[in-house]
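A short worksheet on the structure shown next.
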There are 2 protein chains.
Amino acid sequence: MPEATVARLPVYLRALNALAETGRTTVSSEALATASGVGSAKLRKDLSHLGSYGTRGVGYDVQELVFHISRALGLGQRWSVVLVGVGNLGQALAGYGGFDDRGFRIAALLDADPARTGELVAGLPIRLLSDLADVVRDEGVSIGLIATPAAGAQDVCDRLVACGVRSILNFAPTVLQVPEDVDVRRVDLSNELQILSFHEHRKAAEAEVVPA
Amino acid sequence: MPEATVARLPVYLRALNALAETGRTTVSSEALATASGVGSAKLRKDLSHLGSYGTRGVGYDVQELVFHISRALGLGQRWSVVLVGVGNLGQALAGYGGFDDRGFRIAALLDADPARTGELVAGLPIRLLSDLADVVRDEGVSIGLIATPAAGAQDVCDRLVACGVRSILNFAPTVLQVPEDVDVRRVDLSNELQILSFHEHRKAAEAEVVPA
DNA sequence: CCGACTTTGTGCGCGCGTTCACAAGCGCGT
DNA sequence: ACGCGCTTGTGAACGCGCGCACAAAGTCGG
Ligand SMILES: NC(=O)c1ccc[n+]([C@@H]2O[C@H](COP(=O)([O-])OP(=O)(O)OC[C@H]3O[C@@H](n4cnc5c(N)ncnc54)[C@H](O)[C@@H]3O)[C@@H](O)[C@H]2O)c1
Ligand SMILES: NC(=O)c1ccc[n+]([C@@H]2O[C@H](COP(=O)([O-])OP(=O)(O)OC[C@H]3O[C@@H](n4cnc5c(N)ncnc54)[C@H](O)[C@@H]3O)[C@@H](O)[C@H]2O)c1
């Protein structure tokens, strides 16, 4: 399964859920592609990696597709995640309702600041970072979210890896060094802004050269 | 300039700034590549798109590279951004200090909820969404951040586009429909988690087949 | 039952991006 | 001055992913 396809499956899944809520039972590749912001050929090729679940002349059954994509993504089970760093961003993440809907459960909130231990955030008590090993073992955690400042991110990452966590989502603006069997995905706001800045800059330059 | 290269330039820039703070004045492609999590050949090819600013046998001058990458990304000027949707996530974004450092200024906070108008968040008053056109004109806003629920995102997006904003960073889990001269980048947390879920799932399946 | 229409699944060619490998270039020690 | 070692910049090969285009396959109306 191509990595590029995997990255798009969640988008399709969301579009399908939205369609299901409107009562649609079937959808064509063209319609689903438009709703997902991709071309229809690409969509069909992506779906073909899951098997042949479409009906020629009709399209795809919405529920069936939801099931197969969910299964391919491993969403059959509920994944437990641990959130490290309950600051500005961490609190927003803890209070976000969009996790539960999609099969993810925040098992615990950890922070290095002892002054915050015991504080309730979104119904969960903040625990000390030193509890990490216990949390991972007891709660069956397999995904770690890092929302600490950049300075502490690598250390937190190393601890997660030492506890057996092999999937990490990193919000700190750092490139984490990990063993090759560990997956790290970065969400970096400033990066995104700078990429937008580049294009905005380019557009402005073009408008300069060709004013009318 | 290849899009893939543009997406990596901010990463190099951050690594360079970190190096500069340690007092390093020059850096080899090998060292910078490791710090950025890429291969050295890829790094050199990326940098070659900016010009030839390295010295053979020595490496790159850190400050000089910072300058050239910043210029290529259009970071010479301060970009004004408007944040729409000051909820859970919006507040975290408003309070984030990482914008100013990198040349971005939050010009205004907008929300549809009249009950919150005037409330101060991170030193800025929340204004009504209907002020959007004024804000964009008066503050020279060129980038919009959407942090509203998915249901309102497309409407907000349309308003931004109508006001002349051509670069949008979307945190809502929706695919926005925009004219082709508008750039939209998505930051979707659930997407990232589901991609991690896929790999975790796959790793677990492999461990099952080959237990030892 | 048949023919027209719709939509899937995919073979194929192409273009972009990555990687390898090395010649050219620069500094430094002698 | 000169050669040695290090590092850049890049040509060339490779591989992946994208989009086109179409045959296969199914539906639906008559
Ligand atoms: N706030 C945002 O909107 C935003 C946006 C993009 C990126 N980020 C990034 O997310 C990260 C967190 O941002 P924030 O605004 O929440 O910062 P913050 O300072 O508000 O919160 C950081 C929290 O992490 C805790 N912490 C510090 N070191 C730790 C460690 N080693 N182990 C465990 N916990 C530790 C602190 O006690 C604090 O509670 C930063 O790296 C920031 O760059 C934040
Ligand atoms: N909280 C998180 O950590 C998190 C993580 C990932 C994604 N998101 C996404 O970010 C978005 C915001 O999440 P949140 O947790 O802050 O939600 P929230 O409900 O806390 O805040 C939403 C804010 O947007 C305002 N709003 C609603 N409709 C609006 C409109 N049409 N125009 C202007 N403002 C409007 C509301 O008044 C509210 O203040 C959602 O789409 C969510 O899926 C949030």
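Below, chains carry the letters A, B, ... as their sequence lines are ordered, and counting in each starts from 1.
In this structure, CG on L89(A) lies 7.5 Å from CG on L89(B), to the nearest 0.5 angstrom. Rounding to the nearest 0.5 Å places CD1 of I195(B) at 11.0 Å from OG of S190(B). Separating the OG atom in S80(A) from the CD atom in E139(A) is a distance of 6.5 Å, to the nearest 0.5 Å.
In terms of polar N and O atoms assigned as donor or acceptor, the side chain of R56(A) never comes within less than 3.5 Å of the base of dT7(C) in a complementary pairing. Within 3.5 Å, no donor on the side chain of K45(B) pairs with an acceptor on the base of dG9(D), nor the reverse.
For the pair L65(B) CG and dT8(D) P, the interatomic distance rounds to 10 Å; values are reported in whole Å. Going from atom OH of Y53(B) over to atom P of dT10(D) covers 12 Å, rounded to whole Å. When the C1' atom of dT8(D) is taken as reference, atom CG of D61(B) falls 15 Å away, rounded to whole Å. The CD-P distance, from E3(A) to dT18(C), rounds to 14 Å in whole Å. In this structure, the CG atom of L50(A) is 15 Å from the C1' atom of dT10(C), given to the nearest Å. Whole-Å rounding puts the D46(B) CG to dT8(D) P distance at 14 Å. Atom CE in M1(B) sits roughly 12 Å away from atom P in dG17(C) (whole-Å rounding). Per the geometry, CG belonging to L47(B) stands 13 Å off P belonging to dT18(C), to the nearest Å.
Within residues 25-33 of chain B, the residues having any heavy atom closer than 4.0 Å to DNA chain D are, in order of number, S28(B), S29(B).
Among the protein residues, G39(B) comes within range of no part of the nucleic acid, since none of its heavy atoms lies under 4.0 Å from any strand.
Residue K42(A) has a polar side-chain atom (N or O) positioned under 4.0 Å from OP1 or OP2 of dG19(D).
The one candidate from D155(A), L129(A), V156(A) that meets the side chain to side chain contact (heavy atoms under 4.5 Å, CB included) condition with T148(A) is V156(A). For the pairing with S29(B), the side chain to side chain donor-acceptor pair (under 3.5 Å) check across K42(B), R44(B), K45(B) returns one residue only, R44(B).
Across the interface with DNA chain D, nearest-nucleotide mapping of P2(A) and R44(A) shows P2(A) to be the residue nearer the 5′ end.
Comparing dA21(D), dT18(C), dG9(D) by their nearest atom to the side chain of Y60(B) picks out dG9(D). For A41(B), taking side-chain heavy atoms from C-beta onward, the closest of the listed nucleotides dT18(C), dG17(D), dA21(C) is dA21(C).
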**Q.** side chain to side chain donor-acceptor pair (under 3.5 Å) assessment of E3(A) paired with H199(B)
**A.** CA-CA 10 Å; E3(A) 185 60 32; H199(B) 291 295; 3.2 Å; yes

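Formation of a donor-acceptor pair under 3.5 Å by the D111(B) side chain with backbone atoms of V86(B) is found in this model.
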